[in-house]
Amino acid sequence: MKDPREAGMVGRRTDGTLIRRPLSPHLQAYDMMQMTSALSIMHRITGTAWSVGTVLLVWWLLAAAAGPEAFARVQWFLSSILGLLVLFGLTVAAWYHTLAGIRHLAWDAGHGFELAQAYRSGRLVLVGTAVLTVLTWVLVFVVWG
Amino acid sequence: MAVKDSVTQSALRTPLGRVRGLGSARGGTHHWWMQRVTSIALLPLTIWFVFSAVGLAGAGYAETRAFIGAPLNAVLLLALIGLTFHHMAAGLQVVVEDYMRGEFARMATILAIKGMAVLMALASALAVLRIALGS
């Protein structure tokens with residue numbers, strides 16, 4: 001398979017035999033250096049990361065309900081270097097997934113499908129994620145400080 | 001092949017079935033639509049929660065409980081919890097459906113994800129209610 005686009009043409013019949021026909025695009029068929037496809041898979045990766053991060057929300061709420069000792073343990077973890085790194089990563093994932101989600105909702109409503117618009121909205125999502133993440137953490141250290 | 005396909009499609013789907021548009025899983029676009037509905041609802045809730053959490057940076061036990069237990073915050077937290085875990089389970093289900101091979105493994109993983117999501121949502125909601133109702 002010399003042309004990577006051929007990866008999107010390898011299908012199987014219901015009896016399992018191979019057949020050459022167009023399939024929905026999947027990872028091997030993509031040039032991941034293209035911003036459009038990279039941002040698309042990033043939406044799934046950040047959504048999955050956020051799903052894992054909800055464990056922290058559950059832990060935080062359960063500890064606050066359980067008592068001061070349990071809450072102190074959560075606070076110790078969240079204010080440790082590892083905890084802060086995890087929270088920072090989650091902030092990036094959350095803002096990215098939120099902004100890319102708005103982009104998806106616009107597409108669902110039928111807007112912004114032109115290639116130039118897709119690149120522009122993609123760049124907006126990336127810049128927005130950076131700005132909002134920095135803003136969030138500046139506020140964290142202002143409040144905390 | 002092409003002839004056979006077209007014959008099967010027109011023969012096995014009744015006109016009423018096509019109008020209802022629910023497909024073989026009887027689900028139609030419900031899953032897709034609920035992902036959009038929850039995402040729209042989560043938009044303001046998540047932004048509220050992120051900045052509320054920022055406001056609680058360094059807050060102690062009593063201050064945090066006062067925040068969680070305040071009536072408006074408790075209601076918004078309960079909404080956030082329900083919507084977050086619904087949206088999470090729906091999103092993870094699609095990822096599993098797209099990438100996981102094997103009918104049994106796929107179904108088992110999806111059921112495990114849904115079970116975890118329900119338990120996490122219930123545990124979180126109970127914690128908020130315990131604090132809000134002051135027990």
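Since we're looking at a predicted model, the values are computed, not measured. Within every chain, numbering begins at 1; the chains are lettered A, B, ... in the order of the sequence lines, protein sequences first and strands thereafter.
Put simply, of A/V74, A/V140, A/V142, the one with the most heavy-atom pairs under 4.5 Å next to chain B is A/V140. Considering only heavy-atom pairs separated by less than 4.5 Å from chain A, the leading option among B/A53, B/G69, B/A57, B/A89 is B/A57.
Heavy-atom distances place no part of B/A62 under 4.5 Å from chain A, backbone and side chain included. Using a 4.5 Å cut-off between heavy atoms, B/I81 contacts chain A through its side chain alone, with no backbone atom that close. Of the atoms belonging to B/V95, heavy atoms from both backbone and side chain fall under 4.5 Å from chain A. If you measure heavy-atom distances from A/W137 to chain B, you find no contacts under 4.5 Å at all. Using a 4.5 Å cut-off between heavy atoms, A/I102 contacts chain B through its side chain alone, with no backbone atom that close. For A/S79, no part lies near chain B; criterion is any non-hydrogen pair under 4.5 Å.
Residues B/T46 and B/F49 have side chains not in contact (no heavy-atom distance under 4.5 Å, counting atoms from C-beta outward).
Contact residues of residues 107-124 of chain B toward chain A are B/M120, B/A123, B/S124 (heavy-atom distance under 4.5 Å). Within residues 81-97 of chain A, the residues approaching chain B closer than 4.5 Å by heavy atoms are, in numerical order, A/W95, A/H97.
Of the N and O atoms on the side chains of B/Y99 and A/R44, at least one donor lies less than 3.5 Å from an acceptor on the other residue.
Within the 3.5 Å criterion, the main-chain N or O of A/E114 finds a donor-acceptor partner in the side chain of A/Q117.
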